[in-house]
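Chain letters run A, B, ... following the sequence lines, proteins first, then strands; residues in each count from 1.
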There are 2 protein chains.
Amino acid sequence: MKTCAHKHTGKKQELASLTGRLRRESRKITGPRAAILEILRHYPHPLTNKEIFAELPKGSCDLVTIYRAMQMLEKLGMVKRFDFGDGTARFELVGEGDDGHHHHLICTRCASVVEIEECFPEEIERRIAIANGFTGVTHRLEFFGVCPDCRK
Amino acid sequence: MKTCAHKHTGKKQELASLTGRLRRESRKITGPRAAILEILRHYPHPLTNKEIFAELPKGSCDLVTIYRAMQMLEKLGMVKRFDFGDGTARFELVGEGDDGHHHHLICTRCASVVEIEECFPEEIERRIAIANGFTGVTHRLEFFGVCPDCRK
DNA sequence: ATTTAAGTTGCAAACGATTTGCAATTAAAC
DNA sequence: GTTTAATTGCAAATCGTTTGCAACTTAAAT
Ligand SMILES: [Mn+2]
Ligand SMILES: [Mn+2]
Ligand SMILES: [Zn+2]
Ligand SMILES: [Zn+2]
């Protein structure tokens with residue numbers, strides 16, 4: 001039933017492996033970038049740019065630099081962008097070779113996030129693609145509900 | 001396999017039925033509102049506020065009025081808001097009694113939209129909810145791919 | 001038909017997230 | 001150390017959306 005190849009049980013990526021990926025793309029390892037990667041490495045859930053900014057030692061880098069870093073990391077496939085529908089992008093580090101495709105369950109009261117292993121069933125997606133003549137079909141999917149804590 | 005109660009085969013709603021719903025909520029039937037509903041009534045797909053604005057006889061109503069109208073219609077459950085991940089809200093008229101829950105297949109090249117009958121399987125969603133102690137779980141789901149026309 | 005009170009509108013301004021221009025700075029290669 | 005391309009910070013611009021407010025309607029009450 002698990003159709004996502006994504007593993008949430010994987011260990012944190014080494015910082016060296018991350019900087020290596022950058023170097024290979026002739027991107028510079030700067031203070032701000034190392035700091036950003038360090039934050040992402042330690043968080044299991046998608047973070048907004050503002051959240052990353054808040055975690056960073058204050059004054060260590062501008063918010064705009066984070067926006068630019070995330071754009072670049074996304075283009076290199078090192079982070080995956082998620083959209084929880086609140087108008088703010090969230091980013092999660094992606095392992096080498098992984099495309100990062102997976103989903104979340106979000107509490108509509110406290111915004112807590114649970115990583116979900118399940119994915120939309122492949123056969124159904126395939127059927128939808130064929131029925132409409134579409135190719136390269138994928139999906140964006142997030143779950144919403146009330147978490148145990150908020151269910152007072 | 002169809003778990004969505006939503007029917008895309010339903011006929012257009014009568015304008016009278018729509019204005020009736022407004023009246024019941026002590027909302028006024030104004031020129032701009034009638035015009036907006038008239039547009040929505042004739043479109044089978046989600047429309048952005050700007051698209052509605054463009055369809056409207058120019059000068060007949062301000063863009064802000066459309067924003068306010070959609071907020072109000074959403075609150076009354078008369079339209080459903082959709083998010084295609086491009087940072088712009090889209091709205092679709094919802095039938096009486098229907099909650100409007102359904103999904104779309106969107107072409108990433110030309111942005112054409114196909115209404116989808118399939119929904120995320122209930123048993124799996126139920127399992128996700130239970131496994132994490134969440135209640136009232138629902139989902140947001142959209143499909144993306146390349147349509148037949150764009151597959152040059 | 002006139003009055004009235006609540007609901008609505010347009011316009012300008014405010015917003016929040018994200019992007020862009022540009023000159024000053026810096027990492028990495030020579 | 002010099003050179004060069006990449007990066008940064010800061011200010012300003014964009015874009016979708018919301019808000020304040022005074023003028024204006026709709027629909028109900030006289
Ligand atoms: Mn995740
Ligand atoms: Mn639809
Ligand atoms: Zn999936
Ligand atoms: Zn569904």
Side-chain angles (χ1 to χ4, degrees), chain A residues 15-16 18-39 46-76 78-91 111, chain B residues 15-16 18-39 46-76 78-91 111:
Chain A
L15 190 55
L18 293 169
T19 57
R21 289 215 249 168
L22 286 186
R23 234 183 298 278
R24 251 173 275 143
E25 301 277 349
S26 57
R27 291 298 159 69
K28 298 180 176 175
I29 318 296
T30 63
R33 288 179 179 176
I36 291 169
L37 289 172
E38 198 55 30
I39 303 288
L47 292 178
T48 66
N49 284 337
K50 276 239 275 278
E51 286 169 343
I52 295 173
F53 186 59
E55 289 301 314
L56 243 29
K58 47 178 160 291
S60 63
C61 127
D62 194 275
L63 218 208
V64 180
T65 299
I66 300 179
Y67 273 94
R68 285 195 268 234
M70 302 316 288
Q71 275 182 174
M72 186 261 293
L73 293 172
E74 186 187 20
K75 188 170 335 183
L76 300 195
M78 292 178 59
V79 300
K80 174 108 180 139
R81 177 190 299 258
F82 289 96
D83 178 2
F84 288 1
D86 66 348
T88 313
R90 276 156 228 268
F91 300 90
Chain B
L15 191 55
L18 293 169
T19 56
R21 290 215 249 166
L22 288 185
R23 236 183 298 276
R24 252 173 276 143
E25 300 278 348
S26 57
R27 292 298 156 71
K28 298 180 175 171
I29 318 296
T30 64
R33 288 181 180 176
I36 292 169
L37 289 172
E38 197 55 29
I39 303 287
L47 292 177
T48 65
N49 283 338
K50 275 237 276 278
E51 287 169 342
I52 295 172
F53 186 59
E55 290 302 315
L56 242 31
K58 46 177 160 292
S60 65
C61 129
D62 194 275
L63 219 207
V64 181
T65 299
I66 299 180
Y67 273 94
R68 285 195 268 234
M70 300 318 286
Q71 276 182 172
M72 186 262 292
L73 292 173
E74 185 186 21
K75 188 169 336 180
L76 300 195
M78 292 178 59
V79 300
K80 174 108 180 139
R81 175 189 301 257
F82 289 96
D83 177 3
F84 288 180
D86 66 348
T88 313
R90 276 156 227 269
F91 301 88

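Separating the CG atom of A:Leu63 from the P atom of D:dA12 is a distance of 17 Å, rounded to the nearest angstrom. Per the geometry, CZ belonging to B:Phe53 stands 16 Å off P belonging to D:dC15, to the nearest Å. Atom pair B:Arg23:CZ and D:dA27:C1' shows a separation of 9 Å (rounding to whole Å applied). One atom, CD of B:Glu51, and another, P of D:dT17, lie 11 Å apart when rounded to the nearest Å. The separation between B:Lys75 atom NZ and C:dT8 atom C1' is 14 Å, rounded to whole Å. If you measure from atom CD1 of B:Ile66 to atom P of C:dC11, you get 13 Å, rounded to the nearest angstrom. Taking atom CG on A:Asp86 and atom P on C:dA17, their separation rounds to 9 Å, with Å as the unit. The CD1-C1' distance, from A:Ile29 to D:dA5, rounds to 15 Å in whole Å.
At least one side-chain nitrogen or oxygen of A:Gln71 sits closer than 4.0 Å to the OP1 or OP2 atom of C:dT19. Of the side-chain N and O atoms in B:Tyr67, one or more sit less than 4.0 angstrom from OP1 or OP2 of D:dT17. Under 4.0 angstrom from either OP1 or OP2 of C:dT9 there lies at least one side-chain N or O belonging to B:Arg33. Phosphate proximity of C:dG16 to A:Thr88: absent, as no side-chain N or O sits under 4.0 Å from OP1 or OP2. Taking only side-chain nitrogens and oxygens, B:Ser26 never comes nearer than 4.0 Å to OP1 or OP2 of C:dA6.
When all heavy atoms of B:Asp83 and A:Gly85 are compared, the pair lying nearest together is OD2-CA, 3.6 Å. Across all their heavy atoms, A:Pro46 and A:Phe82 have their closest contact at CG-CD1, 4.0 Å. Between A:Arg27 and A:Leu76, the shortest heavy-atom distance links the atoms NH1-CD2, 3.8 Å.
When the nearest nucleotides of DNA chain D are assigned to A:Ala69 and A:Val64 by heavy-atom distance, the more 5′-ward of the two goes with A:Ala69.
Taking the side chain of B:Lys28 as heavy atoms from C-beta on, and the options D:dT17, C:dA6, D:dC10, the nearest nucleotide is C:dA6. Taking every side-chain heavy atom of A:Cys61 into account, D:dG9 is the closest of C:dT8, D:dA6, D:dG9. The side chain of A:Asp62 has D:dG9 as its nearest neighbour among C:dT20, C:dT9, D:dG9.
B:Arg68 comes within 4.0 angstrom of a nucleotide base, judged by non-hydrogen atoms across all strands.
A:Arg33 contributes no side-chain N or O that, together with a main-chain N or O of A:Ala69, makes up a donor-acceptor pair within less than 3.5 Å.
No donor-acceptor contact under 3.5 Å links the side chain of A:Lys50 to the base of C:dA17.
Screening A:Thr65, A:Ile36, A:Leu63 against A:Leu56 for a side-chain contact (heavy atoms from CB on, under 4.5 Å) leaves a single residue, A:Ile36.
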